[in-house]
Amino acid sequence: MDLIRFENFFYRYKGNEEYALNNINLKIEKEDNFILLCGETGSGKTTLIKCMNGLIPQFYSGFYKGSVFINEKNTVDTSIANLSTEVGIVFQNPENQLIAMNVEHEIAFGLENLGIPRKEIAQKIEESASLTEIEHLLDKAPFELSGGEQQRVAIASILVLEPKILILDEPTALLDPKMARKIIRLLKEIQLERKITILISEHRLDLLLPFADQMILMKNGRVIEHNSLEMVINGENFQNLNLNKPIIYSIFMKLKEENLFEGKIPTSIPEAVNSLKSVLK
Ligand SMILES: Nc1ncnc2c1ncn2[C@@H]1O[C@H](COP(=O)(O)OP(=O)(O)OP(=O)(O)O)[C@@H](O)[C@H]1O
Ligand SMILES: [Mg+2]
């Protein structure tokens, strides 16, 4: 069974002539562990994500064709509340997502809406706060927190609902490099511990590549490739996209150009070190 499936899906925002999503056929299966969504700015990543919990087409007015299924539920006629038990989404600016008086209430909010008993709520808050390392922030107001702390609270309040897939749209955009690395490491740990699928849209490829298993490439509203990280990184679609390429990628592409390297392009520093050793032999 697919966690998420787009079938011949098109979407155009109201008032726009162009399709923001153009004939999307995409399947995310249970075993697609850590997926990186990447594409040039304006290519449709955020729009694609908005389709993954029914916000499009239910909340945004516009024109659509085709279907999107979340765990076999059609997003046209399943309530967003129901879909949110399958998919948790953290959008780019966590500030807009945090509404409660303090962090504890923030995390409890979704559970209260689902009618979970109080005792169970307390236990789930504890687990989720410990996983995201925010136990010490529970009685603070969201506006008192740093960007990285807010981001972790937003993640905790989604995780507590135990979604099968966690989707994050540029979760590190507002963070410094150190905090960005911390959040991504944390997400990888959560993915392994909870055995869930994580899909991240990110421009910081240097940071993400060592953690990703799969990659989805978008261009002009189309998904142009969805494959294992290794296949995508070594393919022409990735090479031709106008993105901030990872440093390791650029170094090894240069070595290839100079006929100094023939193998697969590495995606992490340890792999790169091994490949360089073979070059220097
Ligand atoms: N609310 C909206 N109303 C009208 N058009 C929109 C809206 N949101 C996005 N668009 C348009 O849809 C297209 C895809 O935008 P989208 O935000 O999905 O791109 P993106 O890949 O997430 O870009 P970025 O990397 O900059 O976040 C763009 O042409 C954009 O201008
Ligand atoms: Mg976006």
Side-chain angles (χ1 to χ4, degrees), residues 4-26 28 34-68 70 75-76 80 83 87-97 147 150-151 154-155 158 165-177 180 183-184 187 198-209 211-212 214-227 229 232-233 237-246 249:
I4 297 180
R5 189 170 69 250
F6 286 73
E7 288 180 356
N8 307 320
F9 192 80
F10 294 72
Y11 181 76
R12 170 156 73 70
Y13 287 97
K14 197 176 172 184
N16 283 10
E17 299 269 304
E18 300 234 336
Y19 280 97
L21 296 178
N22 203 327
N23 199 14
I24 305 288
N25 283 287
L26 177 71
I28 302 210
F34 199 106
I35 308 164
L36 179 55
L37 172 60
C38 109
E40 293 161 16
T41 175
S43 59
K45 302 179 295 295
T46 300
T47 308
L48 190 80
I49 288 174
K50 285 180 198 158
C51 298
M52 294 178 176
N53 68 346
L55 275 180
I56 289 178
Q58 294 190 35
F59 186 79
Y60 285 85
S61 50
F63 172 79
Y64 74 91
K65 261 191 310 191
S67 324
V68 182
I70 308 294
T75 58
V76 173
I80 290 179
L83 292 170
V87 183
I89 303 192
V90 178
F91 284 100
Q92 186 173 348
N93 192 343
E95 226 175 348
N96 299 339
Q97 219 165 333
Q150 285 180 345
Q151 193 59 265
I155 294 169
I158 297 290
I165 173 160
L166 175 63
I167 299 173
L168 302 104
D169 193 7
E170 295 194 43
T172 73
L174 305 173
L175 309 179
D176 62 48
I183 296 273
I184 299 303
L187 287 170
I198 292 191
L199 185 144
I200 301 190
S201 161
E202 232 338 308
H203 287 283
R204 296 194 200 208
L205 300 184
D206 266 317
L207 186 60
L208 263 293
L209 281 201
F211 299 100
Q214 301 224 343
M215 209 160 163
I216 297 171
L217 296 185
M218 287 193 78
K219 187 181 169 115
N220 296 335
R222 294 174 187 270
V223 168
I224 56 168
E225 195 166 349
H226 174 204
N227 219 326
L229 181 70
V232 174
I233 288 292
N237 284 326
F238 184 74
Q239 189 182 349
N240 293 335
L241 279 187
N242 184 16
L243 301 168
N244 257 336
K245 300 278 167 43
Y249 180 86

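Quantities reported herein were computed from a predicted structural model and do not represent experimental measurements. Note that ligands are numbered from 1 as they come in the structure, with each ligand's atoms numbered from 1 the same way.
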For atom 9 (C) of ligand 1, decide whether some protein heavy-atom distance is shorter than 4.0 Å.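 It does; a protein heavy atom is within 4.0 Å.
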I'd like to know if atom 5 (N) of ligand 1 has any protein heavy atom within a distance of less than 4.0 Å.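 Yes, there is one.
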Hey, can you tell me if Tyr11 and Phe9 have their rings parallel, tilted or perpendicular (30° and 60° cut-offs)? parallel
What orientation do Tyr13 and Tyr60 show, parallel under 30°, tilted 30 to 60°, or perpendicular over 60°?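 The arrangement is perpendicular - the two ring planes meet at more than 60°.
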Candidate pair Phe6 and Leu48, rule side chain to side chain contact (heavy atoms under 4.5 Å, CB included), full reasoning: CA-CA 10 Å; Phe6 286 73; Leu48 190 80; 3.7 Å; yes
With heavy atoms of [X] as the reference, note each atom of ligand 1 found under 4.0 Å away.
X	result
Glu170	25 (O), 27 (O)
His203	25 (O)
Thr47	14 (C), 15 (O), 16 (P), 18 (O)
Thr46	17 (O), 18 (O), 20 (P), 22 (O), 27 (O)
Asn16	4 (C), 5 (N)

Do ligand 1 and [X] have nitrogen or oxygen atoms that lie under 3.5 Å from each other?
X	value
Gly42	yes
Gly44	yes
Tyr60	no

How does Leu48 reach ligand 1, by side chain, by backbone, by both or by neither, if only non-hydrogen atoms under 4.0 Å count? neither
For the residue pair Leu229 and Ala212, what are the closest heavy atoms and their distance?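 Closest pair (atom of Leu229, atom of Ala212, distance): CD2-O, 3.4 Å.
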For atom 26 (O) of ligand 1, the protein heavy atom that lies nearest, with its residue and separation: Thr41 OG1, 2.5 Å
Which N, O or S atoms belonging to the protein are less than 2.8 Å from the Mg ion (ligand 2)? Thr46 OG1
Could you tell me the separation between the CD1 atom of Ile4 and the CD1 atom of Ile70, rounded to the nearest 0.5 Å?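 If we round to the nearest 0.5 Å, Ile4:CD1 and Ile70:CD1 are 4.5 Å apart.
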Is the closest side-chain heavy-atom distance between Leu199 and Ile216 below 4.5 Å?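 In short, these two side chains touch, coming nearer than 4.5 Å.
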For Thr172, run the side chain to side chain donor-acceptor pair (under 3.5 Å) check against His203, Gln151, Arg204 and tell me which one passes. Arg204
